[in-house]
There are 2 protein chains.
Amino acid sequence: MSVAVRLFGERPYAEVSTTDVARGAGVARGLVNHYFGTKKELYLEVVRVMLTVPEVALEGLPSGGPAERVDAIVTWFLDVVSRHSTSWLAAITAGGMAGDTDVDQVIAEAIDVAAESILTATGLGTDPGEARRGMARAYVGMATYTAREWLQRGVLTRDQVHTLLTTTLLTMVEKVFPQAA
Amino acid sequence: MSVAVRLFGERPYAEVSTTDVARGAGVARGLVNHYFGTKKELYLEVVRVMLTVPEVALEGLPSGGPAERVDAIVTWFLDVVSRHSTSWLAAITAGGMAGDTDVDQVIAEAIDVAAESILTATGLGTDPGEARRGMARAYVGMATYTAREWLQRGVLTRDQVHTLLTTTLLTMVEKVFPQAA
DNA sequence: GGCCTTGTTGACACAGCGCCAATAGTGATC
DNA sequence: GATCACTATTGGCGCTGTGTCAACAAGGCC
């Protein structure tokens, strides 16, 4: 499994053969199929592992005003993504293997989790409605793009990312969310 | 080519064989390779076609204040994406075929074009600097996610999308961009 | 009619995947 | 300690799909 995570993290899906994974683990190729089923199922597990993120430290967010809460959640997000930058960004950036249904669903669930965290952190945890959920998912999308500009391209500093994300989220909380049904 | 666009638009990359494309066009499979080279090159062309968007009507944006310009550019974006929803969203959502370098680059270029349009429309066209470019790309990322929530999931109305995108972009122009070097 | 260029086909070879029968370990039971 | 069930593991078969290439048809120039 660790071999698969490493290989899929550094090479695209099509360029990683199950033979490579097997060789990396020092076993026969048939064994990979025996344990993980098909190649896509293995990749699915890999993506799950990559996207599984420690959700600790999110509960202890300050109970101050919106600005403080937003600041805390953004800080938490940046910590997480910078710690797991390579694998997490690779998985999210993978974006769905050109429209594959299963992989898309796994990624969508990870985005859902992040979006739900956003909503609870901003005080909209209880029944935010589908519209606000969608908006929160869109915000998570921007957050991942921003993180990519920071960690992969290096055109943004962490401070700039922080400012961008806190300012926009605060705007959404104050001006956009109230208008959503 | 049209057959390839249609097939890749409705099925994931791996589930579309060059034989399918050839049969759909009524020719032999070898001919596809003869004209387009490898399968990935064909897909690359398809993505290029999908992402090629009429850039008209963008020049005639109002010369009013920031709010009007932002409103105009968002309206233009929503028009474009709703008109080409299936193919454009499919290509962008494809997100890069699980990390493939070439496809990622094509998509990145399309995002660059959109980001550049954002910057010119907001009056930062001349030498905005790499930081603001990165922020604009991140905004385009959010815009695509938002469009997906609207057109694919149907949890947002066009009005809600419009409000979200104009408000956040205005915030970025007024509060975030000025701080970027 | 020759002839060169272009268009098109079918077949060959190869890589990668899923499956499955066969074999090697690993304790538990008496 | 031999037997037995059960898991772990291997190698190989068949299939699908891809890239390539030599061969063949189809048109314009002379």
Side-chain angles (χ1 to χ4, degrees), chain A residues 1-51 86-87 90-91 93-107, chain B residues 1-51 86-87 90-91 93-107:
Chain A
M1 194 64 197
S2 61
V3 174
V5 170
R6 181 170 53 83
L7 290 183
F8 281 122
E10 63 192 23
R11 261 184 292 170
Y13 174 83
E15 289 179 17
V16 176
S17 69
T18 56
T19 311
D20 293 339
V21 179
R23 182 167 24 200
V27 296
R29 191 178 59 85
L31 199 61
V32 179
N33 282 106
H34 177 69
Y35 279 109
F36 297 100
T38 171
K39 176 186 178 182
K40 201 160 70 181
E41 290 178 274
L42 170 63
Y43 181 69
L44 222 62
E45 283 303 311
V46 169
V47 173
R48 277 206 190 88
V49 169
M50 283 177 169
L51 292 180
T86 53
S87 61
T93 303
M97 206 172 109
D100 181 87
T101 321
D102 304 320
V103 182
D104 273 346
Q105 193 174 342
V106 172
I107 296 180
Chain B
M1 195 63 199
S2 62
V3 173
V5 170
R6 182 169 53 82
L7 290 184
F8 281 122
E10 62 191 23
R11 259 183 294 169
Y13 174 81
E15 289 179 17
V16 175
S17 68
T18 55
T19 312
D20 292 339
V21 178
R23 181 167 27 200
V27 296
R29 191 179 60 83
L31 199 61
V32 177
N33 283 107
H34 177 68
Y35 279 108
F36 297 98
T38 171
K39 176 186 176 182
K40 202 159 69 181
E41 291 178 276
L42 169 62
Y43 182 68
L44 223 63
E45 283 303 312
V46 168
V47 173
R48 277 207 189 87
V49 169
M50 283 178 171
L51 292 180
T86 53
S87 60
T93 304
M97 207 172 112
D100 183 88
T101 320
D102 304 321
V103 181
D104 273 347
Q105 194 174 342
V106 172
I107 295 181

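None of the values given here were measured: they were computed from a predicted structure. In the text below, chain A, chain B and the rest are named by the order of the sequence lines, each starting its count at 1.
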Worksheet item: Looking for any heavy atom pair under 4.0 Å, which part of the strands does B:F36 touch: base, sugar-phosphate only, or nothing?
Response: nothing
Item to complete: Please confirm whether the backbone N or O of A:P12 pairs with a side-chain atom of A:E15, one donor and one acceptor, at under 3.5 Å?
Response: no
Worksheet item: Between the side chain of B:K40 and the main-chain N/O of B:D102, is any donor-acceptor distance below 3.5 Å?
Response: no
Discussion item. From CD of A:E41 over to P of C:dC17, roughly how many Å is that when rounded to an integer?
Written reply: 14 Å
Worksheet item: Expressed in angstrom and rounded to an integer, what is the separation of A:H34 atom NE2 from C:dG25 atom C1'?
Response: 14 Å
Worksheet item: Minimum heavy-atom separation for B:V49 to B:V5, with atom names?
Response: CG1-CG2, 4.2 Å
Worksheet item: Parallel, tilted or perpendicular: which fits the ring planes of B:F8 and B:Y13, with parallel below 30° and perpendicular above 60°?
Response: parallel
Response to the item:
Expected list for residues 15-31 of chain B near DNA chain D, using heavy atoms below 4.0 Å, is B:V16, B:S17, B:T18, B:R29
Practice prompt. Taking the side chain as every heavy atom from C-beta outward, state whether B:I107 and B:V103 have any pair of such atoms under 4.5 Å apart.
Written response: yes
Response to the item:
Its 5'-most and 3'-most nucleotides having an atom under 4.0 Å from a non-hydrogen atom of chain A, DNA chain D is contacted over D:dA8 to D:dG12
Contacts under 3.5 angstrom, residues 27-36 of chain A side chains, donor-acceptor by atom type, not counting sequence neighbours:
unit_1, atom_1, unit_2, atom_2, d
A:N33, ND2, A:G37, O, 2.9

Worksheet item: According to the salt bridge (charged side-chain N to carboxylate O under 4.0 Å, His left out) rule, which pairs have a member within residues 16-26 of chain B, sequence neighbours left out?
Response: B:R11-B:D20, B:D20-B:R23
Fill in: With B:E10 via side-chain contact (heavy atoms from CB on, under 4.5 Å) - residues at least two apart
B:R6, B:L7
